[in-house]
Amino acid sequence: MSRSDAGRPPLRQRNRPRLRAAAILFLLVSVFVADTITSFEIAMAVFYIVVIVLAVGYVSTRVVIALAGVCVFLTVLSLLMSQHGSFQTGLMNCTISIAAIATTTFLVLKTVAAQAAAFEAQAQMVRMARLTSLGALTASIAHEVNQPLAAIATSGDACRRWLDRDPPNIDKARQAVERIVYDANRASDVIKRVRSLARSGPPRMQVLDINATIGEAVMIAQDELDKNSVSLHLRLTEDLPAISGDKVQILQVLGNLIGNAIDAMRDQPSFKRELEIATMRDDQDRIAITVTDAGIGMKPAALDHLFEAFWTTKEDGMGIGLSISRSIVEAHGGQIAVSSAPRMGATFRISLPIRTGAGA
Ligand code: ADP
């Protein structure tokens, strides 16, 4: 499985921008024509909000705002060109449609901005998770980002109620609002995960599917991997028995190893930045996870100190990530080891006992 299989943010839309541009243009013209030839009683212009929703994520904020301006202009133009029905009703429908376009534009842009902030917070979290002493900072970042997200969800609900009023031809408007609410809640879920990672306390053991946990760790690190052009390959053995572990702590270990791998490959040309995470059955009672990078590797002398607290070769490093990782793995009854050579990358191998009775 490649990195792209591991779940990507839906707003990171990358495929077929031309097709999307054509769809937007087609919709724009269709709504304009339909709005102009139908009677004033039919608020066709409200469908311009679909154009806005389609454009968001594909074009810049400025273009979305410009597009909203075009929609408003076309709405007014249709009002002036239409010849059927009561002009007064048409004027009312025109006002409502313009308000719907403006509200939708505002909300979707706010959602996108909040999502960008959420992904930035994710990247920060990957770094912070390696430094548990800075967990409180992560919590405060999460707190700050969560508030606008909650506001978007509230505004989305309010907007839906507003659009539910007469005239009733606003189904598409409602769909757009539901999308806003869905996206806002989704971004909020990301933040909840950040919070849970920052939370410290006694380990909370639960039955863990290690492949699913790795999937989650990858999702958290995805933005950082993308930013550093790291290609990720997941080689996860299916049907592994479950382990018993504290998910937050295991995520912390994986986040730390992934973060270190990214750091180790920073100076490599991007085509060489390959990270592999694999799982396998170690022996009858254990499973193993390996994290292999193609980074700068380590000298034999470094291997002796790697897991010591405050041993670091990085300017901004604290040297506690691996020592914490080792404590966590050992508290789970497992072991962590490394094999590496200079310029040959590094492989970290974690071996964990399977849950008693989880099947041999
Ligand atoms: P920090 O990342 O803050 O330095 P860690 O305890 O996580 O703290 O790592 C300690 C040191 O181990 C790093 O400074 C680096 O020299 C080395 N190291 C860890 N992972 C790797 C890796 N994948 N490749 C090369 N060196 C690594």
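First listed ligand is number 1; within each ligand, the first listed atom is number 1.
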With only distance considered, is [X] within less than 3.5 Å of ligand 1 through an N or O on each side?
X    : answer
L322 : yes
K314 : yes
D293 : yes
S323 : no

Point to revise | Heavy-atom side-chain proximity of D246 to H332 below 4.5 angstrom | key: yes
Atom indices of ligand 1, in the order listed, that fall short of 4.0 Å to a heavy atom of [X]:
X    : value
F348 : 20 (N), 23 (N)
T312 : 1 (P), 4 (O), 14 (O)
W311 : 10 (C), 11 (C), 12 (O), 16 (O)

**Study point:** With I214, the side chain to side chain contact (heavy atoms under 4.5 Å, CB included) member among L251, I289, I258
**Key:** I289
Point to revise | Within reach of ligand 1, part of F307 (heavy-atom separation under 4.0 Å) | key: neither
Practice item. Check each heavy atom of N256 against ligand 1 and say whether those closer than 4.0 Å belong to the side chain, the backbone, both or neither. Key: side chain
Review point. Pick from D282, D285, D283: which one makes a side-chain hydrogen bond (donor to acceptor under 3.5 Å, both in side chains) with S351?
Key: D282
Review point. Going by atom types only, do R349 and T290 share a side-chain donor-acceptor pair under 3.5 Å?
Key: no
Practice item. Taking atom types as modelled, find out whether T347 and T292 have a side-chain donor-acceptor pair closer than 3.5 angstrom. Key: yes
Practice item. State the OG-CE distance between S82 and M44, to the nearest 0.5 angstrom. Key: 11.0 Å
Practice item. Working to the nearest 0.5 Å, report the span between CG of L28 and CG of L54. Key: 11.0 Å
Check your understanding: Does ligand 1 have an atom under 4.0 Å from some heavy atom of G297?
Key -> yes
Review point. To which of T347, V338, L306, I262 does the heavy atom nearest atom 18 (N) of ligand 1 belong?
Key: L306
Practice item. Using a strict cut-off of less than 4.0 Å between a Lys/Arg side-chain nitrogen and an Asp/Glu carboxylate oxygen, indicate whether R266 and D263 qualify as a salt bridge. Key: yes
